[in-house]
Amino acid sequence: MRMTNLFSQTLREAPADAEAMSHILLLRAGFIRQLGSGIFSYLPLAKRTLDKIEGIIREEMNAIGGQELSMPVVQPADIWKESGRWQELDEVLARFKDRGDHDMVLAMTFEEAVSDLVRGEIKSYRQLPQLVYQIQTKWRDEVRSRAGLIRVREFTMKDSYSLDVDGDGLDRQYRNHYRAYHRLFSRCGLPTVSVEADVGLMGGQLSHEFIYLTPDGEDMILHCPSCGYSANQEVAVSAKVEVEGEEQLELEKIATPGAETIEDLTRFLQVPESKTAKVVFLVGRFGERQEEADTDKLIVAVIRGDMTVNEVKLGHVTEALALRPASADEIAPSGAVAGYASPIGLKGVLVVVDESVTTSPNLVAGANEEGYHLKNVNYDRDFEADLVADIAAVEAGDGCSKCGQPLETSRGVEVGHIFQLGTRYSDSMGCTFLDSQGKARSVIMGSYGIGVGRLLACVAEQHRDEHGLMWPVSVAPFQVHIVALAKGEGAAQAASEKLYGDLKEVGVEVLYDDRRENPGVKFNDADLIGCPLRITVGERSLKKGEIELKLRGEGEATGVPVEEAVSHVRQRLAGLQAELDSAVVEVADYQD
RNA sequence: CGGGGUGUAGCGCAGUCCGGUUAGCGCACCUGCUUCGGGAGCAGGGGGUCGGCGGUUCGAAUCCGCCCACCCCGACCA
């Protein structure tokens, strides 16, 4: 591709509203342009690397038996009503009506669509197992898009769906994906770690996320340096701390004027945070799938003062469809007094108590009376719970639940997520097959996603320096960038043209800077765009019968004879590819 | 949705407090000449509903009101 024909230009300055480095660089290098919040156009350069990423994904999916198909983005709401997600999901699912006044949705994922396909096609156990996948556009009306391509509303995702007769089959496909994902991310040059994760709006029982670790990531990961346990904070568990036996003391009401926070309280009473109980008020939305009517209920979560509530865990144990912070008006009717609240004496609420509170005797808790707290509050004796569960957010330093060593935290971006769905969709949508006994059984499903655009952004984030992007060969928009130090006629011009033609001839992908620009401009743009191999063609080295080769990451260029240029280029590219291939390691299975 | 911020040419900004010529500057773009190995110089030129609507005023980018868009921080996810 000649740069004089390329449909984009580099920007010397980045738009002011870009902050993430991947966003700034992709914008400056002319890969992407923004149309609206979380809505982007991919220009030719980005499209090329996207295609390469998708190519790698296809190879890996095909290698584990995947068959590519394509499902519609606009779908009738009926199937979503059948699965129950029409009711379960809120605004993330974009809805509209067609001209016939039918409810329609913009697909945010495709479990319903495959399930519809499956119930039509799959009749017998003889047709299983199966693995289908697609690389398709999705729309999610995210609460907040951010960081360029990292979190957007319209995005393309590779999603695959496995269909099996039993759990063993599902497990096999799940493990296949687990390994394929690790291979594929490393083939793209992106280091990732896999962690146990929440199933979120997919439903199902087991799930892993593939995380690219970066301080700018939005997910919090906990991992144990000694035994390897790693999980998203949403589901992470830590070792239970046993409190040594302490006799239950008599309940005592004390005046604590103005002490409305745990911090105030510890200072006022001179007790550690771990000797207090705090409550968090949330409103849970409850309802049955397949039914329209929802009811809100106040949830009172009780946890020890030194810990925080993990809302994902709380959502699971309460089986609420959604949780949100409660307003003062919603709290008041229960009898709770903000700042001096406790579960003692509350009416009509769902009390969820963290395990930490049930094992900690003689805590200080609110008296539900302005200006007063209660001392020596004990679970069971003084108050009861509707649910006792682990609802604590695990933090750095907490003991690993497997080996007891302190856990560490890091941040990351989720680029892939795999789920063992089981029969969550086949049951609700009637995906059954006849087994060898002639009995109808539900298809066992798995679902596996990769955010393609996000993957591109993460690769950009990972491979860059102060001058610009540095694409791994496997996904670079072009393998070679020719900088022609010539304007119009001359030896350099002729040599560049010839080299460009020769390289294209042998199938090398080359971006040829044939613009009438000064050398500095061309070098800087080459660095910005970040093709792995740069060739400089200029009078200076041409006099020695040479052109110059430089890897994007290298400092110095090396001269090679003009006649040998093509073979040198192929060698260098092969070398880069080999280097990348050798970094692809087969990973061990996940730990159960 | 709550909190914070920004909207002036394709991009980066000044001007807005304190209303008053044809609304500026840098980059980018077009023409010409020169230059030519790490973001060149000179000369000339094109490009603006000052986010939108309404109001105040003799007069609004500037003051007032409403609305919209985008970004950042918190609850969601690939």
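The figures that follow rest on heavy atoms only: side chains count, while hydrogens, waters and symmetry mates do not. Everything numeric here is computed off the predicted structure, so don't read it as measured data. Numbered from 1 within each chain, the chains take letters A, B, ... in sequence-line order.
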Mind checking ring pair (Phe, Tyr, Trp, His ring centres under 6.0 Å) for [X] and listing every partner two or more places apart, or none if nothing turns up?
X	answer
A:Phe40	A:His23
A:Tyr212	none
A:Trp471	A:Phe31
A:Tyr512	A:Tyr500

_Filter on salt bridge (charged side-chain N to carboxylate O under 4.0 Å, His left out), then keep only pairs touching residues 11-26 of chain A, sequence neighbours left out; what's left?_
none
Looking only at atom [atom1], what distance separates [N] and [M], rounded to whole Å?
N	M	atom1	value
B:rA61	B:rU21	C1'	15 Å
B:rG19	B:rG15	C1'	13 Å
B:rC68	B:rC76	C1'	25 Å
B:rU34	B:rA14	P	39 Å
B:rU6	B:rG24	P	25 Å
B:rC70	B:rA60	P	30 Å
B:rG20	B:rG59	P	15 Å
B:rC50	B:rC25	C1'	16 Å

*Minimum side-chain heavy-atom gap A:Leu549-A:Leu533 below 4.5 Å*: yes
Taking [X] first and then [Y], would you say they form a salt bridge - that is, a charged N and a carboxylate O separated by under 4.0 Å?
X	Y	result
A:Arg2	A:Asp513	no
A:Arg151	A:Glu142	yes
A:Arg140	A:Glu154	no
A:Asp141	A:Arg153	yes

*Got a sec? Which of residues 552-559 of chain A come in under 4.0 Å of RNA chain B, heavy atoms?*
none
*asked:* From C-beta outward on A:Val152, which listed nucleotide comes closest to its side chain: B:rA78, B:rC76, B:rC11?
replied: B:rA78
*Quick one: which of B:rA28, B:rG38, B:rA78 gets closest to the side chain of A:Gln9?*
B:rA28
Watson-Crick or G-U wobble partner for [N], using a 3.5 Å limit on both distances?
N	result
B:rC18	none
B:rC25	B:rG12
B:rG38	none

For nucleotides 70-74 of chain B, which of its nitrogen or oxygen atoms have a protein nitrogen or oxygen under 3.5 Å away, and what is each distance?
| unit_1 | atom_1 | unit_2 | atom_2 | d |
| --- | --- | --- | --- | --- |
| B:rC70 | OP1 | A:Ser37 | N | 2.9 |
| B:rC70 | O3' | A:Gln34 | NE2 | 3.4 |
| B:rC70 | O2' | A:Asp17 | OD2 | 2.9 |
| B:rC71 | OP1 | A:Gln34 | NE2 | 3.0 |
| B:rC71 | OP2 | A:Ser37 | OG | 2.8 |
| B:rC72 | OP1 | A:Ala147 | N | 3.2 |
| B:rC73 | OP2 | A:Arg144 | NH1 | 3.2 |
| B:rC73 | OP2 | A:Arg144 | NH2 | 2.7 |

*asked:* Suppose we call a contact any N or O donor and acceptor under 3.5 Å apart; does that hold for the side chain of A:Arg151 and the base of B:rC77?
replied: yes
_Ring-plane angle category for A:Phe210 and A:His182, please: parallel below 30°, perpendicular beyond 60°, tilted otherwise._
perpendicular
Which protein N or O atoms sit under 3.5 Å from an N or O of nucleotides 46-51 of chain B?
none

*asked:* My understanding is that only one of A:Arg179, A:Arg187, A:Lys158 makes a salt bridge (charged side-chain N to carboxylate O under 4.0 Å, His left out) with A:Glu60; could you say which?
replied: A:Arg187
*Atom CG of A:Asp527 and atom C1' of B:rG37: how far apart are they, to the nearest Å?*
13 Å
_When you compare the side chains of A:Gln134 and A:Asp159, does any donor N or O come within less than 3.5 Å of an acceptor on the partner?_
yes
_Once salt bridge (charged side-chain N to carboxylate O under 4.0 Å, His left out) is applied, do any residues pair with A:Arg28, and if so which ones, sequence neighbours excluded?_
none
Pairs under 3.5 Å (N/O, protein and nucleotides 30-32 of chain B):
none

Are any protein N/O atoms closer than 3.5 Å to N/O atoms in nucleotides 39-44 of chain B? If there are, list each pair with its distance.
| unit_1 | atom_1 | unit_2 | atom_2 | d |
| --- | --- | --- | --- | --- |
| B:rG39 | O2' | A:Arg12 | NH1 | 2.8 |
| B:rG39 | N1 | A:Asp525 | OD1 | 3.3 |
| B:rG39 | N2 | A:Asp525 | OD1 | 3.3 |
| B:rA40 | N9 | A:Asn518 | ND2 | 3.4 |
| B:rA40 | N7 | A:Asn518 | ND2 | 2.4 |

*Do the ring centers of A:Tyr178 and A:His208 come within less than 6.0 Å of each other?*
yes
_Donor-acceptor contact below 3.5 Å, side chain A:Asp465 vs main chain A:Gly468_ = yes
_Just to verify, what does A:His463 make a side chain to side chain donor-acceptor pair (under 3.5 Å) with, not counting sequence neighbours?_
none
